[in-house]
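First the structure, which I've put down as structure tokens, then a few questions once you've had a look.
The figures here come from the full heavy-atom set of this structure, side chains too, leaving out hydrogens, waters and symmetry mates.
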Amino acid sequence: MNERQKRALRICSKVLFGVYLICLIYLLFFAESMGRTYAERTYHYNLVPFREIKRFLVHRETLGIMAVMLNLVGNIVAFVPYGLFLPIMFPKNRSLWRIALLTFDFSFAVEVIQLVGKVGSFDVDDLMLNTLGGILGYLLFVVLNWIRRKKYEKTS
């Protein structure tokens with residue numbers, strides 16, 4: 001891949017990352033379908049690791065599979081693009097630990113805004129699931145980058 005192609009990929013990634021952030025912000029702070037209403041705005045938080053994850057798993061039949069999937073899988077999947085795009089846009093972030101830290105930091109900021117804004121709740125389980133999503137996104141980047149390099153070696 002030449003420098004022009006790399007630059008085009010980074011620009012495209014930045015545009016897609018911007019669209020991703022807009023969608024994520026909407027879902028996390030404004031989507032009424034996600035329970036982001038202005039009625040009964042109070043502080044909600046969970047500081048006990050695995051409490052909400054366990055609650056969703058134990059009460060999955062009562063809550064419904066959609067609620068369980070939305071909470072558990074949704075919190076992971078929502079942050080996969082974060083871990084995927086960062087190392088593409090910023091090559092200095094090509095470290096598992098760096099991506100894990102940046103994803104945790106971003107997720108922590110989201111949780112604090114939700115708590116202070118009384119939109120959603122501050123949940124330590126969300127921090128763990130979001131960070132896992134960022135890590136999975138980074139691992140996806142590593143695999144895709146490896147495939148790209150192997151393909152490039154064959155054509156050279």
Indicate yes or no for a side-chain donor-acceptor contact from R94 to the backbone of P87 under 3.5 Å, with no hydrogens or angles considered. yes

Are N130 and I76 side-chain neighbours, meaning at least one heavy-atom pair lies under 4.5 Å? no

Verify side chain to side chain contact (heavy atoms under 4.5 Å, CB included) between R148 and K151, making sure each step is shown before the conclusion. CA-CA 5 Å; R148 180 192 60 81; K151 182 180 176 185; 5.8 Å; no

Specify the closest pair of heavy atoms between F79 and Y20, including all atoms of both residues, with the distance to one decimal. CA-OH, 3.6 Å

Would you say the side chain of D105 lies within less than 4.5 Å of the side chain of F108, judging by non-hydrogen atoms? no

For the side chain of E52 and the backbone of D125, is there at least one donor-acceptor N/O pair under 3.5 Å apart? no

Shortest non-hydrogen contact from Y43 toward V116: CE2-O, 4.2 Å

Is there a chain of hydrophobic side chains (I, L, V, M, F, W, Y, each step under 4.5 Å between heavy atoms) that links I88 to L140? yes

Could you tell me the separation between the CZ atom of R98 and the OG1 atom of T103, rounded to the nearest 0.5 Å? 11.0 Å

Kindly compute the distance separating CG (L57) from CG (L72), expressed to the nearest 0.5 Å. 5.5 Å

Hydrophobic cluster identity match, F29 and V19, side-chain contacts under 4.5 Å: no

Is it the case that atom CD in E61 sees more than 12 heavy atoms from other parts of the structure closer than 6.0 Å? no

Measuring from atom CZ of R55 to atom CZ of R60, what distance do you get when rounded to the nearest 0.5 angstrom? 14.0 Å

Are any non-hydrogen side-chain atoms of L16 and F85 less than 4.5 angstrom apart? yes

Looking at every heavy atom in both I25 and F30, which two are closest together, and how far apart are they? O-CD1, 3.8 Å

Report whether F104 and L47 are members of the same hydrophobic cluster (ILVMFWY, side-chain heavy atoms less than 4.5 Å apart, transitive linking). yes

Are the side chain of E111 and the backbone of L127 linked by a donor-acceptor contact shorter than 3.5 Å? no

Run the side chain to side chain contact (heavy atoms under 4.5 Å, CB included) test on T42 and K118 for me, step by step, so that the C-alpha distance in whole Å, both residues' side-chain angles and the decisive distance to 0.1 Å come before the verdict. CA-CA 6 Å; T42 59; K118 299 178 186 175; 5.5 Å; no

Using modelled atom types and a 3.5 Å cut-off, is there a donor and acceptor pairing between side-chain atoms of R149 and backbone atoms of W146? no

Test item: I99 and S95 side chains (from C-beta on) under 4.5 Å apart, heavy atoms: no

State, yes or no, whether a side-chain contact exists between F56 and L70 at a heavy-atom distance under 4.5 Å. no

Got a second to check how far N46's CG is from D126's CG, nearest 0.5 Å? 8.5 Å

Would you please test L96 and I135 for side chain to side chain contact (heavy atoms under 4.5 Å, CB included) and show each step? CA-CA 7 Å; L96 177 67; I135 290 169; 3.6 Å; yes

Taking C-beta and beyond as the side chain, do V110 and L24 meet within less than 4.5 Å on heavy atoms? no

Write down the atom of R10, the atom of P91, and the distance for their closest heavy-atom approach. NH2-CG, 3.1 Å

Interatomic distance, OH@Y82 vs CZ@F17, rounded to 0.5 Å, equals 5.5 Å

Hey, quick one: are V80 and M69 part of the same hydrophobic cluster, counting side-chain heavy atoms closer than 4.5 Å, chains of contacts allowed? no

Rounded to the nearest 0.5 Å, how far apart are OG of S107 and CG of L129? 9.0 Å

Side chains of N75 and L132: closer than 4.5 Å at any heavy-atom pair? no

Side-chain touch M128/P49, heavy atoms, less than 4.5 angstrom: yes

Can L84 be reached from F90 by stepping across I, L, V, M, F, W or Y side chains whose heavy atoms are under 4.5 Å apart? yes

